[in-house]
Amino acid sequence: MKNLLLRINDRIYMTCIWVAGLSVLGVALIIPWGIFARYILGTGSSWPEPTAILLMLVFTFIGAAASYRAGAHMSVAMITDRLPPQQRRLVGILSQLLMATICLFMTIWGSKLCMATWNQFMSAIPTLRVGITYMPIPIGGLLTLVFVLEKLLLGDQSQRRVVRFDLIEESEEAA
């Protein structure tokens with residue numbers, strides 16, 4: 001059962017990586033197009049800037065979930081590193097419980113925000129509902145919550161092969 005859950009979370013993690021990466025790629029393509037259209041073609045469009053902002057929201061919230069699983073989030077461990085092992089473990093559990101609380105907040109209140117703004121439309125992109133633009137918040141919260149629960153129940157998974165692709169590259173170079 002544990003291996004099945006880890007494999008499912010590996011797939012979720014890779015999906016997060018791909019979604020975040022494609023979001024950044026989209027921004028990298030849309031912004032130059034907006035500049036080209038405005039200054040070279042002389043026909044500025046209203047959609048490139050809000051679209052790039054929306055893609056950055058996707059990158060931020062979905063990428064944060066992947067970053068959490070990979071152990072790549074910022075942390076200040078100056079005090080916890082000086083604690084005895086038992087206290088360090090308790091502080092780690094407390095930290096994960098606080099993180100789970102934040103994820104629940106993002107998921108619940110983000111969903112309420114999406115529902116409250118569902119019938120509104122963006123002025124720059126009239127076919128896009130405002131509720132859709134807020135969806136990365138609850139989705140990112142839920143995905144991060146999955147990884148928080150994984151860490152609480154199954155331990156830190158930041159050294160898994162799917163997460164540490166740099167280890168794969170190093171081992172291939174050594175071969």
Side-chain angles (χ1 to χ4, degrees), residues 7-76 99-100 102-148 150-151 157-175:
R7 283 197 311 271
I8 290 169
N9 284 356
D10 286 346
R11 295 236 170 125
I12 293 171
Y13 171 79
M14 286 307 296
T15 302
C16 289
I17 293 293
W18 275 97
V19 168
L22 290 173
S23 296
V24 171
L25 176 65
V27 170
L29 296 175
I30 289 170
I31 294 298
W33 168 254
I35 293 169
F36 177 78
R38 175 167 291 166
Y39 294 108
I40 305 299
L41 301 178
T43 58
S45 301
S46 63
W47 65 269
E49 183 181 354
T51 303
I53 291 169
L54 295 174
L55 287 173
M56 283 310 298
L57 281 171
V58 171
F59 166 73
T60 300
F61 286 101
I62 306 303
S67 177
Y68 178 83
R69 187 177 197 224
H73 266 270
M74 293 185 337
S75 68
V76 179
M99 188 67 190
I102 292 169
C103 292
L104 280 172
F105 179 86
M106 286 173 53
T107 303
I108 293 167
W109 290 98
S111 296
K112 288 181 179 186
L113 179 63
C114 289
M115 289 186 281
T117 58
W118 190 257
N119 292 321
Q120 299 172 17
F121 293 88
M122 290 189 60
S123 60
I125 309 171
T127 58
L128 184 61
R129 294 178 183 272
V130 173
I132 290 174
T133 66
Y134 290 125
M135 286 181 101
I137 299 169
I139 292 171
L142 184 63
L143 291 170
T144 307
L145 180 61
V146 167
F147 295 140
V148 168
E150 174 189 62
K151 192 169 189 175
Q157 302 300 318
S158 63
Q159 299 301 316
R160 289 185 62 78
R161 181 181 176 146
V162 70
V163 176
R164 294 297 309 269
F165 61 89
D166 56 328
L167 295 178
I168 297 168
E169 291 174 356
E170 289 174 9
S171 65
E172 288 174 354
E173 290 173 4

Taking Ser67 for its side chain and Gly63 for its backbone only, find out whether a donor-acceptor pair lies under 3.5 Å.
->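 No: the side chain of Ser67 does not pair with the backbone of Gly63.
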
Please walk me through it: do Tyr68 and Met99 pass side-chain contact (heavy atoms from CB on, under 4.5 Å)?
-> CA-CA 10 Å; Tyr68 178 83; Met99 188 67 190; 3.9 Å; yes

Determine, step by step, whether Tyr134 and Leu57 satisfy the side-chain contact (heavy atoms from CB on, under 4.5 Å) criterion, reporting the C-alpha distance in whole Å, the side-chain angles of both residues, the deciding distance to 0.1 Å, and the verdict.
-> CA-CA 8 Å; Tyr134 290 125; Leu57 281 171; 5.7 Å; no

So Trp118 and Ile132, side-chain contact (heavy atoms from CB on, under 4.5 Å) or not? Walk me through it.
-> CA-CA 7 Å; Trp118 190 257; Ile132 290 174; 3.5 Å; yes

Does any non-hydrogen side-chain atom of [Y] lie less than 4.5 Å from one of [X]?
X      : Y      : result
Thr144 : Met106 : no
Val24  : Val27  : no
Leu128 : Leu54  : yes

Glu49 atom CD, over 12 foreign heavy atoms within 6.0 Å =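 At most 12 heavy atoms, drawn from other residues, nucleotides or ligands, come within 6.0 Å of this atom.
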
By side chain to side chain contact (heavy atoms under 4.5 Å, CB included) - contacts of Ile139 (at least two apart) |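 Side chain to side chain contact (heavy atoms under 4.5 Å, CB included) list for Ile139, sorted by chain: Ile62, Met135, Leu143.
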
Val163 and Gln159: CA distance, side-chain angles, deciding distance, side-chain contact (heavy atoms from CB on, under 4.5 Å) verdict | CA-CA 6 Å; Val163 176; Gln159 299 301 316; over 6 Å; no

Mind listing the closest non-hydrogen atom pair of [X] and [Y] along with its distance?
X      : Y      : result
Ile17  : Ala66  : CD1-CB, 3.6 Å
Cys103 : Gly141 : CB-O, 3.4 Å
Ser158 : Ala70  : CB-O, 3.3 Å
Val130 : Phe121 : CG2-C, 3.8 Å
Pro48  : Ile30  : O-CG2, 3.3 Å
Met122 : Pro50  : CE-CB, 3.9 Å

Residue list, ring-ring contact (aromatic ring centres under 6.0 Å, His included) with Phe36, at least two apart or on another chain =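 Phe36: ring-ring contact (aromatic ring centres under 6.0 Å, His included) contacts with Trp33.
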
Any pair with a residue in residues 55-73 that passes salt bridge (Lys or Arg N to Asp or Glu O under 4.0 Å), sequence neighbours left out, goes on the list, sorted by first then second residue, please.
->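 Those involving residues 55-73 are Asp10-Arg69, Arg69-Glu150.
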
